[in-house]
Amino acid sequence: MQHDKDFESIEEHEHHHHVVPPRIYITILLALLVGTAATVGASYIDLGPLNPVIALAIAATKMILVVLFFMHVKYSTKLTKLTVGAGLFTFLILVGMTLSDYWTRAWGRW
Amino acid sequence: MSDSQVVVHGAAEGAHHEHLPYQRHHFETYAQQSDATNFAMWLFLLTEVMFFGGLFTAYLIYRNWYYPAFVEASHQLDIFWGTANTAVLITSSFTMAMGVWCAEMKKQGALVLCLVLTFILGLGFLGIKTIEYKEKIEKHHVPGFHYSVQSFVNPSSDPEVHKKNPEDKPLPYDMARHTEIYFFLYFAMTGMHALHMIIGIALLGFMIVRARAGAYTTGHVTYVENFGLYWHFVDIIWIYLFPLLYLISRH
Amino acid sequence: MSHISPVLWQFLVKWLTNFALYPPQASKIAPQFDALYFFMVLVSLIGLTIVILLITSFSIMYRQKAHPVPVQIEGSTMLEATWTIIPLGLFLIMFVWGALIYFRVYTPPANAMNIYVVGKQWMWKAEHPGGQHEINSLHIPTGRAIQLTLISQDVFHSFSIPAFRVKREAIPGRYTTVWFEATTPGTYHLFCTQYCGTDHSHMIGDIVVLTPDDYKRWLATSTSGASLAQNGERLFASLSCTACHNARPDARGPNLANVYGSKLTLANGQSQLADEAFLRDAILNPSQHVTQGFAPIMPTYQGQVSEDGVIALVEYIKQLNSDYRIQQTTNTTSLLPENDGKATPTGQKPAGQGMVNQ
Amino acid sequence: MSTATIVSLPDQSTARIPRMNFMSKEKGLLSWLLTGDHKRIAMLYLVSITFFFFIGGAMAGLIRLELLTPQSDLMATDTYNKVFSMHGIVMIFFFLVPSVPATIGNFLIPIMIGAKDLALPKINLLSWYLYMAAGMLGLYAMATGGVDTGWTFTTPLSTHYLNTNVITTGLAIFIAGFSSIFTGLNFIVTIHKMRCPGMTWFRLPLFVWSNYAASILMVLGTPVLAITLVLVVLERTAGIGVFDPAKGGDPLLFQHLFWFYSHPAVYIMILPGMGVISETVSTFSRKRVFGYTAVAFSSVAIAVFGFFVWAHHMFIMGISNYSMLVFSLLTMLVAVPSAIKIFNWAFTLYKGSITFETPMLYSFGFMGLFTIGGLTGVFLASSGTDIHLTETYFIVAHFHFVMVGGMLMAFLAGVHFWWPKMTGRMYPEKISQLAALVTFIGFNFTFFPQFILGTLGMPRRYATYPPEFQVLNVFSTAGATILGVGYLLPILYLTWSLKYGEIAGDNPWQATGLEWQIQSPPLTENFPAIPIMDHEAYDYEWLEGQKEKVASV
Ligand code: HEA
Ligand code: HEA
Ligand code: CUA
Ligand SMILES: [Cu+2]
């Protein structure tokens, strides 16, 4: 290939670049599929208010797996981790503070 | 993802001597370039998170307000298709991740294969979504002026769903009309998600062509990598949509 | 002054007579608001003066001519801490003080006289308990806590009385409340302050504050014959609410006497205070909070009753707590301040002459 | 006023604008329209936002004319509603949000951090195109009937009760939003990844810090506005009912989502301006900024806390009382970092060596007016006073003090300050000082009476008003005329100076920033070679040393 002579220099720059082996990807895929099965299964059992909690917990776990491994955050710089955290945080602020208004509107009316 | 497109164009322009051919002139090193585009992609995903954030907020509020309506309306969704779609999407995420690996390992053939598989799985997801949408359209469950609450005020008029959920009681009309909000959120969220899928698939098509020309197996993997991030993000959105819309109101 | 043209002169006179710098204080809360307001003005003036003094004195002392060689200074943690903590402290005082006033304005006392206000594009309609209704004006007595229960029929409006320093949004689909006690008779501005479309700036009116005696007279002259509750009772019958809510042992719906103000247990186990907002919701969205022990069979009346109608129904259900038999024969002018908003029979006019107002 | 000055221009008889610079490199319209150069894109932005400023200004003129008399005699109420709506929309989305970041920031951030360009030049260009598309769509909406929602699009009014061009305008703002997102995203990436060797975070000029903070807000806040507008459009077209109380939706949800963006947006508007002030105050007192770290972190604090206070726009709109408590308290907290900045700037003057060129005059204007605007913001943040003052002219005065008295002054300060760098020529000093003075006087005349009007209870968005408010309104209109002149002057003399201004040389202000160490106007890739930063920001001793070095050679 025409870029052969550049090969070395690329390798140099790519030092910090962690290549995740396929083995891990396969494990994650399986974990995600199991998670999907689990969440569907759990939805058929009546656990009262726990149902949504469990469903969301499983979803969160799946998300974390995807983010950490498929999206390589586990092997990324602090900056990337911080970025992901910031996004999650602002998202929670939006949802949390808005819902807190709705929730407290009924206060004193029980 | 569009920022990495810049990189590709840069490659096409084939800039300076002392640089790698795909390095843009204003970067000092290639590492800086790939770092920067990667970071840009993450920031773009942040904006996406907040974009969907508005919809999730609306969903949570109305689910609390109109719980019975949300329960009954969610029974209209088919868990089978939902689960199948989740599996399809997760697998496509896997093939995409493998694609990135192939690019990194400079395996051109395998990369093309992975991309094609991702492409097909993506299409499969949309296909299944179409089946589901079609049913909603037929039942007049698309919010708007033609919306019908028939299935909720009179569940037995909808034998298919009724059979699966025989314990469903008819909703009083004033609650039943709020199913429209559920379906609006359903269409808004899955529609917005599907839109992202469509954009992703279009980009995949473009990438397949470029990959076959060997564009990504030269050590310049940024584009594939950043696209991968996008694709996984779309996957994550679905990972939440699936339980929220299909599952948590089964009981 | 002869060189000033007469037209200009007229203008000047008009301006000077119409000129105001501060709104009148005509309610009990107004002085409390003003105290905080002037406190804030004072703090702001001091803060601003400090800033301006710093800038000008430094500018003079250290202008290049006087001070050609600058002295490089890193900063000073002490100073910076000072101007972090002092403003913070002041702001927190303003926060607490403001919140106290806020809660006062929006927490009506229990014995307040309740007037309903419906906003719509582009007018205000006030409904007195005695059945008097007025458009773009509101007559109230001094010395009496008045509670407004507001709702909008279309978009957001906002009921603002600058002289009272109170204001409350009228929201579609939800009751909001505000209260005040007028102190000085007179006529004051009523504004709609929330932008509501074309004639937003014409959605204005007068707040007429009367002495209790004048108020009595006004009530008498503007009565329509039937009180709100009586209108409600009429509606209650004509919408056949009585089919279910009839206090018979086999009634399909709960007995509504003494419901208002009580704590209900809902079918989902939560408890719920039956206030005006709940009563309204119970009529329009009955299935949203089904009372324990009953089937969710009550139909919704959304689209069948106007907001005015709902108000009448709510008022009727509220009056069921007192002896509503007496209500029926009430003369509407007797809903006087001294009586805490409750009626006493004087029997001047038989019930039933008023129109059902929907 | 002192006649002392720090301006040091090269010998005008021999000085030349460098033959090679970013403007002369390529010629022709196309070379501008397809450029990737951040400086050219900045110039494109500068021209376009000025255009929109004058459109917005013309609307403001109409507003003030109508309010000259209590009746609606100049235009019908409907027309008035359209005029103020479009005034607000144009001024906010097409002028103030992109004003400093997309022009001055675009031009200077790469230079200040020692980079050749922004990280994503094509995205930068795309962002300008999006802005233009949005602007044109906005103008189209205006020309074909306008929109009368107010800039806040309150539902259900905007969704169900108006039949003006809400959808087109909504779309225009949606697109403008993406333009803003891309600008912010580009800045963040650039500031993180493109700093030259030796340029640590705490050597960054404060202008970069404040733009960084504003970019965070753009990236995280704007998408929420986007989805909100999508919902409004869907509500209008399909009647889906999320914001429609008749269908069980909650109109307040709209407000939550809208203000989740629009409160941070006010900090998007002010933060870059604060950055400008840090630069000018330091340069014209020849002294490093007092408490650099505090000023830097206060920007970030404003950005972060800015996300927690949005419901202070809804205190009387039906949010729960408990929510009000939280949001009111947090608003008080977010006001503190601004106070820190004001005092730190004031103390930057302490023991400095101060001169009073135009940018400095504008900066003084900023400090005074922003303090007033900010402190009246605290009136609104205190829930008890907000009840009386909300939705009146008090608010109008508050936000014009911060946005016009604050940000617009800062923008003008920045334009004058960097004009020699951007064009290579000086603006005429005397007349521009006059313009700054006129603006300041006109501004106070225009907007100070509105505080009194608001306290009296005059509602905002009123085409007609009770006659006793007329005196103050006439003052306000008269002031606006002066203000208009104050804004027209810079346009005239700045254009004039493009051709006839004195040659500025590299560093007319003797300032320390990297941008002042290169030629004016800069080269296409800014630096002949990537610089190495070996000193703190605002290090005037280093600058003296540099000069001596040159002298001794
Ligand atoms: C650039 C834009 C900008 C900026 C920076 C601000 C800054 C602030 N704003 Fe403002 N605001 C707007 C633009 C802006 N605002 C707009 C456009 C609206 C109206 C929207 C609409 O409805 O159309 C609005 C409305 C608005 C409201 C809603 C009013 C209502 O609708 O009822 C509130 C309420 O809390 C508020 C508060 C504040 C506060 C506390 C700050 C603070 O950040 C200010 C902090 C600054 C200071 C406090 C000054 C410096 C302090 C000192 C120098 C210390 C002085 C010394 C002592 C105290 C000793 N603003
Ligand atoms: C960046 C933001 C910005 C800026 C710069 C301005 C600038 C000005 N604004 Fe603006 N204003 C807003 C943002 C801004 N405004 C917003 C967000 C609203 C709320 C809208 C809403 O309620 O939805 C508002 C509302 C608003 C109102 C209240 C309307 C109402 O509620 O009824 C008024 C009234 O006086 C006003 C006046 C002015 C004036 C006199 C100027 C002056 O500073 C402008 C001076 C500039 C010029 C005059 C241009 C230069 C001269 C010419 C171009 C010559 C040609 C002139 C003519 C043909 C007349 N504005
Ligand atoms: Cu009603 Cu404004
Ligand atoms: Cu705000």
| said: I need the residue from D:D78, D:T293, D:I387 with the largest number of non-hydrogen atom pairs under 4.5 Å to chain C. | reply: D:I387

| query | In terms of heavy-atom proximity below 4.5 Å to chain D, should C:M203 be classed as side chain, backbone, both, or neither? | reply | backbone

| Between C:D275 and C:Y175, does any side-chain donor sit less than 3.5 Å from a side-chain acceptor? | no

| What part of D:E541 lies closer than 4.5 angstrom to a heavy atom of chain C: side chain, backbone, both or neither? | side chain

| query | Is it the side chain or the backbone of C:R174 that comes within 4.5 Å of chain D heavy atoms, both, or neither? | reply | side chain

| remark: Applying a strict 4.5 Å limit to non-hydrogen atoms, the region of D:S285 in contact with chain C is backbone

| query | C:S160 versus chain D, heavy atoms under 4.5 Å apart: side chain, backbone, both or neither? | reply | neither

| query | Do the charged groups of D:R461 and D:E391 touch, with an N to O distance under 4.0 Å? | reply | no

| request: Using non-hydrogen atoms and a 4.5 Å limit, figure out which bit of C:I60 sits close to chain D: side chain, backbone, both or neither. | output: neither

| query | Is it the side chain or the backbone of C:S44 that comes within 4.5 Å of chain D heavy atoms, both, or neither? | reply | both

| field | Check against side chain to side chain donor-acceptor pair (under 3.5 Å), D:T331 and D:H312 | value | CA-CA 7 Å; D:T331 309; D:H312 66 210; 3.1 Å; yes

| request: Below 4.5 Å from any heavy atom of chain D, which atoms of C:S76 appear? Answer side chain, backbone, both or neither. | output: both

| Has the side chain of C:D199 got a donor or acceptor atom that lies under 3.5 Å from a matching backbone atom of C:H202? | no

| query | Relative to chain C, which of D:A339, D:A463, D:G318 shows the most heavy atom pairs under 4.5 Å? | reply | D:G318

| task | Examine D:F451 together with D:F401 and report whether their ring centres are nearer than 6.0 Å. | result | yes

| Is it the backbone or the side chain of D:M324 that comes under 4.5 Å from a heavy atom of chain C, or both, or neither? | side chain

| request: Would you mind telling me which of D:D386, D:T154, D:T390 has the largest number of heavy-atom pairs within less than 4.5 Å of chain C? | output: D:T390

| message | Which atoms of D:I340 are under 4.5 Å from chain C, going by heavy atoms: the side chain, the backbone, both sets, or neither? | response | both

| query | Any luck finding a side-chain donor-acceptor pair between C:Q25 and C:D34 under 3.5 Å? | reply | yes

| task | Select, from D:A76, D:G352, D:S72, D:P449, the one with the greatest count of heavy-atom pairs under 4.5 Å involving chain C. | result | D:G352

| remark: Highest number of heavy-atom pairs under 4.5 Å with chain D among C:F58, C:F91, C:F33, C:W83 belongs to C:W83

| request: Below 4.5 Å from any heavy atom of chain D, which atoms of C:Y106 appear? Answer side chain, backbone, both or neither. | output: side chain

| task | Look at C:S158, C:S57, C:P24 and state which one has the largest set of heavy-atom pairs under 4.5 Å with chain D. | result | C:S158

| said: How about CD on C:E74, more than 12 heavy atoms from neighbouring residues, nucleotides or ligands closer than 6.0 Å, or not? | reply: no

| field | Side chain, backbone, both or neither of D:F370 within contact of chain C (heavy atoms, under 4.5 Å) | value | neither

| note | Per-residue tally against chain C (heavy atom, under 4.5 Å) across D:L329, D:L252, D:V378 peaks at D:L329

| field | Leading residue by heavy atom contact count with chain D [cutoff under 4.5 Å; candidates C:V178, C:V43, C:I73, C:L48] | value | C:I73

| task | Could you tell me whether the side chain of D:T155 and the main chain of D:S158 form a donor-acceptor pair under 3.5 Å? | result | no

| Does any heavy atom of chain D fall under 4.5 Å from the side chain of C:I171, the backbone, both, or neither of them? | side chain

| Judged by modelled atom types alone, do C:D206 and C:H189 share a side-chain donor-acceptor pair under 3.5 Å? | no

| field | Contact winner vs chain D - C:L45, C:V41, C:I50, heavy-atom pairs under 4.5 Å | value | C:V41

| Can you tell which of C:M94, C:Q72, C:M61 has the highest number of heavy-atom pairs within less than 4.5 Å of chain D? | C:Q72

| task | Under 4.5 Å heavy-atom distance to chain D, tell me which part of C:V96 shows up: side chain, backbone, both or neither. | result | neither

| Does a donor on one side chain sit under 3.5 Å from an acceptor on the other, for D:D148 and D:S85? | no

| query | Looking at the rings of D:F379 and C:Y37, which for Trp means the six-membered one, are their centres under 6.0 Å apart? | reply | yes

| field | D:F202 ring center near D:F297 ring center (under 6.0 Å) | value | yes

| Segment of C:V71 engaging chain D (4.5 angstrom heavy-atom cut-off) | both

| field | Interface residue of largest heavy-atom contact number with chain D, from C:A99, C:G47, C:A66, C:P70, under 4.5 Å | value | C:P70

| message | Taking the ring of D:W345 and the ring of D:F366, is the distance between their centroids below 6.0 Å? | response | yes

| With only heavy atoms counted, which part of C:Q302 is less than 4.5 Å from chain D, the side chain, the backbone, both or neither? | side chain

| If you count the non-hydrogen atoms of other residues, nucleotides and ligands that lie under 6.0 Å from OH in D:Y350, is the total more than 12? | no

| said: Need one label for D:Y465: side chain, backbone, both or neither, based on atoms under 4.5 Å from any heavy atom in chain C. | reply: neither

| request: Would you check if the side chain of D:T348 reaches a backbone N or O of D:N344 as a donor-acceptor pair within less than 3.5 Å? | output: yes

| query | Between D:N321, D:L162, D:T371, D:T392, which shows the greatest number of heavy-atom pairs under 4.5 Å with chain C? | reply | D:N321

| D:L389 portion near chain C, given a 4.5 angstrom heavy-atom threshold | both

| request: Mark yes or no: C:R63 above the aromatic ring of D:F356, with NZ or CZ under 6.0 Å from the six-membered ring centre and no more than 45 degrees from the axis. | output: no

| query | Counting distance only, does the side-chain N/O of D:R286 pair as donor-acceptor with the main-chain N or O of D:Q510 below 3.5 Å? | reply | yes

| query | Given D:S282 and D:Y540, is the side chain to side chain donor-acceptor pair (under 3.5 Å) satisfied, shown in steps? | reply | CA-CA 10 Å; D:S282 159; D:Y540 289 91; 2.9 Å; yes

| task | Tell me, for C:Q121 versus chain D, whether the close heavy atoms (under 4.5 Å) come from the side chain, the backbone, both or neither. | result | side chain

| So which part of C:L90 gets closer than 4.5 Å to some heavy atom of chain D, the side chain, the backbone, both or neither? | neither

